[in-house]
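Both ligands and their constituent atoms are indexed starting at 1 by order of listing.
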Amino acid sequence: MINIGLLGCGTVGSGIVKLLRKNAELISRRSGDDIVIKRVLERDREKCPELGLKPEMITQNWADIRDDAEIDIVVELIGGIEPAFQFVTEAMKQGKHVVSANKDLIAVKGRELFDTARENGVDFYFEASVAGGIPIVYPMKQSLAGNEVNEVIGILNGTTNYILTKMSREQSDFSEVLAEAQQLGYAEADPTSDVEGLDAARKIAILSSIAFNSRVTLDDVYVEGITSITAEDIKYGAELGYVIKLLAIAKQDDKGRIQVRVHPAFLPNNHPLAAVNDAFNAVFVHGDAVGEIMHYGRGAGQMPTASAVAGDIIEITRNIKNNNIARIGCTCYEEKTVLDINQLSAEYYIRMTVKDRPGVLAAIAGVLGNHNVSLATVLQKGRGENDAELVMITHEVMEKDLRDSLKVLEGMDIVRAINNVIRMEGTNRTE
Ligand code: HSE
């Protein structure tokens, strides 16, 4: 029998209790042993009895799990960095294997946790920390291990994908859709981590560390959220054949330098990620052997996340049964340079309000040209009262050149406002 110490009996914790019970027989046959929840660390005494757990299984004292020699696997579902970091570290030092769904912890303390796992010869699995139920961590570490991966692009946050999808369908503004999403429970009361891109940033830090074999932490990720996206941007983008998504992007150039960023981006309508709508997540990967692949599914929610946690528990159980533990450790054996956002080369959408007078377009194009910013498309939209709105798409240019040119434009009296600048992605796919 494999005994589990479950830390946290909230949404996902309850999900894992239910799943291990519902599919007990097939899980036992697939893993080679019965998997039993032995103790649960949970502050709320009401939660666990509702799930049919016996009162004597519940504890408020971490030491009851840490010091229980019969517990083989600790499943950490409490979230946040402390006390999760302390609990996971201590569990590993006691020779216990660990499954965690905690992206905050792994995106910041991954290196320390892998070191501790290796020193103590235990397994550390964390499939549920990225994109909930979608298998991506383990496939990247195992099924795609023969590839040089040069691109991982994810829609890794369901809340923002829901909001942007609804803004696109209904031509509504961000604040309106956010309020509605909060009422329906699709967005948190404090939506900062989702709408400012931090949740996605943690997840892409984890994925890029695996993809590029180099430790990328949250601080390495350039982050912009979706709060400045307007219905107008979405409408103009649609006219030009693009859809907006909050993308988490990790790329490696031919010199082995990497860029890791989260920001809203326009994707061509025919890009596979453009069809990922509502609260769904997807991860698009390009490997040198496999080419393009995309993993799609539910990135959050009780049972999808429990599905990923259960997969990890089963895999560790198989490892224990076959005396084959600590097979897949930290894959970060290199130290790669993370490029600054200024070194990015991309195409950009720019929307600005300008005076509607002869020579204005030429003056603006002149400033952009002086900074090596070449235009691919220009749309002029009348605004009335002598103002016009310009929507421009650039060719591929350096972010630094674009930023320098915008500083000059901001100081010109013919430019009333630079309303938005949005990066484009996936415009030059060859497959
Ligand atoms: N808040 C996240 C989302 C799920 O909206 O996708 C947990 O990471």
Side-chain angles (χ1 to χ4, degrees), residues 8 10-16 75-81 84 99-110 125-137 152-168 174 177-210 217-218 221 223-227 229 244-250 262-265 273 276-284 294-309 312:
T11 307
V12 181
S14 312
I16 198 71
V75 177
E76 185 273 305
L77 302 174
I78 41 185
I81 292 183
V99 174
S100 173
N102 188 339
K103 59 186 172 293
D104 306 58
L105 179 65
I106 298 156
V108 174
K109 296 282 194 188
Y125 280 55
F126 50 95
E127 183 62 68
S129 67
V130 181
I134 303 175
I136 184 65
V137 170
V152 179
I153 307 180
I155 293 175
L156 298 179
N157 183 267
T159 305
T160 47
N161 205 40
Y162 173 86
I163 292 173
L164 291 175
T165 303
K166 210 157 164 58
M167 285 174 71
S168 303
F174 170 75
V177 178
L178 172 63
E180 227 178 285
Q182 283 172 315
Q183 267 173 8
L184 292 169
Y186 287 117
E188 306 268 352
D190 176 2
T192 315
S193 158
D194 293 317
V195 300
E196 297 295 353
L198 291 166
D199 175 76
R202 293 185 175 102
K203 294 166 180 168
I204 197 69
I206 297 171
L207 288 186
S208 50
S209 299
I210 300 167
T217 61
L218 180 60
V221 186
V223 191
E224 277 175 32
I226 63 163
T227 53
I229 301 301
I244 198 149
K245 297 287 175 194
L246 180 69
L247 296 184
I249 300 170
V262 171
H263 53 73
L273 285 167
V276 178
N277 286 318
D278 303 307
F280 281 91
N281 282 198
V283 190
F284 178 87
M294 190 164 92
H295 303 231
Y296 168 90
R298 293 189 191 278
Q302 184 180 60
M303 297 319 286
T305 311
S307 157
V309 172
D312 283 353

Validation row: [X], [Y] side chains within 4.5 angstrom (heavy atoms):
| X | Y | answer |
| --- | --- | --- |
| Ser100 | Ile106 | yes |
| Phe126 | Asn102 | no |
| Met294 | Val276 | yes |

Tell me which residues fall inside the under-4.0 Å heavy-atom shell around ligand 1.
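Only Lys103, Asn157, Gly158, Thr159, Asp194, Asp199, Lys203, Ala300 have heavy atoms that fall under 4.0 Å of ligand 1, ordered by chain and number.
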
Using a cut-off of 6.0 Å, state whether more than 12 heavy atoms not belonging to Tyr186 lie near its atom OH.
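No - once you tally the heavy atoms of other residues, nucleotides and ligands closer than 6.0 Å, there are 12 at most.
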
Can you find a side-chain donor-acceptor pair between Asn277 and Lys245 that sits under 3.5 Å?
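Present: a donor and an acceptor within the cut-off.
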
Can you tell me if His295 uses its side chain to pair, donor with acceptor, with the backbone of Pro135 under 3.5 Å?
yes

